[in-house]
Q: 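Starting off with a structure, shown below.
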Amino acid sequence: MNRLQRPEYLPTRREIVEHCAEIRRNWTNSERRRRAVGHGMASIDDVWMPPQIVTSQCLARVRKIVADAI
């Protein structure tokens, strides 16, 4: 279609919004979750972090083992 030709039917903004709302009403809950904005973005809980070692706990345990051995 060139720029001089107009389509036979061009919906208004309101018609587009109403039709989209009608489509969304038929979505299942899982479909809504899948299509939610931001879906698939990793959250802080989803990001892998290396294990953390609390050295103060390690030292306390070693001191106890050494003290018990003596």
Side-chain angles (χ1 to χ4, degrees):
M1 176 186 321
N2 65 34
R3 291 187 304 165
L4 299 177
Q5 292 177 327
R6 292 194 52 107
E8 292 180 19
Y9 170 70
L10 189 60
T12 65
R13 175 176 261 158
R14 178 177 291 262
E15 290 172 329
I16 294 170
V17 168
E18 289 172 356
H19 190 68
C20 290
E22 177 64 32
I23 291 170
R24 284 192 297 270
R25 274 193 286 276
N26 295 323
W27 287 355
T28 62
N29 287 336
S30 61
E31 182 75 10
R32 279 191 191 85
R33 283 191 302 271
R34 188 177 71 78
R35 292 180 178 264
V37 174
H39 176 76
M41 296 177 63
S43 67
I44 293 173
D45 296 336
D46 295 340
V47 177
W48 181 85
M49 295 294 290
Q52 296 179 352
I53 299 173
V54 182
T55 55
S56 61
Q57 290 176 349
C58 292
L59 290 174
R61 182 175 286 167
V62 169
R63 286 187 185 119
K64 183 178 182 324
I65 291 170
V66 169
D68 292 345
I70 296 179

Q: Working to the nearest 0.5 angstrom, can you tell me the gap between Cys58 SG and Arg63 CZ?
A: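 These two atoms lie 11.0 Å from each other.
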Q: As an exercise, state the distance from CG of Leu10 to CD1 of Ile16, rounded to the nearest 0.5 Å.
A: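 Rounded to the nearest 0.5 Å, the CG-CD1 separation comes out at 7.5 Å.
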Q: Same cluster or not: Val54 versus Met49, using hydrophobic residues (I, L, V, M, F, W, Y) connected whenever any side-chain heavy atoms lie under 4.5 Å apart?
A: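 No; tracing contacts between hydrophobic side chains, which count when under 4.5 Å, never links both residues.
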Q: With rounding to the nearest 0.5 Å, note down the distance linking OG in Ser30 to CZ in Arg34.
A: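 With rounding to 0.5 Å, OG (Ser30) is 8.5 Å from CZ (Arg34).
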Q: Take atom CD1 of Ile53 as the centre, draw a 6.0 Å sphere, and report whether it contains more than 12 heavy atoms from other residues, nucleotides or ligands.
A: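 No.
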Q: What's the separation between atom OG1 in Thr12 and atom CD in Glu18, rounded to the nearest 0.5 Å?
A: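 If I round to the nearest 0.5 Å, the distance is 7.5 Å.
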Q: Could you check if a side-chain atom of Glu15 sits within less than 4.5 angstrom of a side-chain atom of Tyr9, using non-hydrogen atoms only?
A: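 In contact.
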Q: According to side-chain hydrogen bond (donor to acceptor under 3.5 Å, both in side chains), who are the partners of Arg32, at least two apart in sequence or on a separate chain?
A: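 side-chain hydrogen bond (donor to acceptor under 3.5 Å, both in side chains) check on Arg32 returns Asn29.
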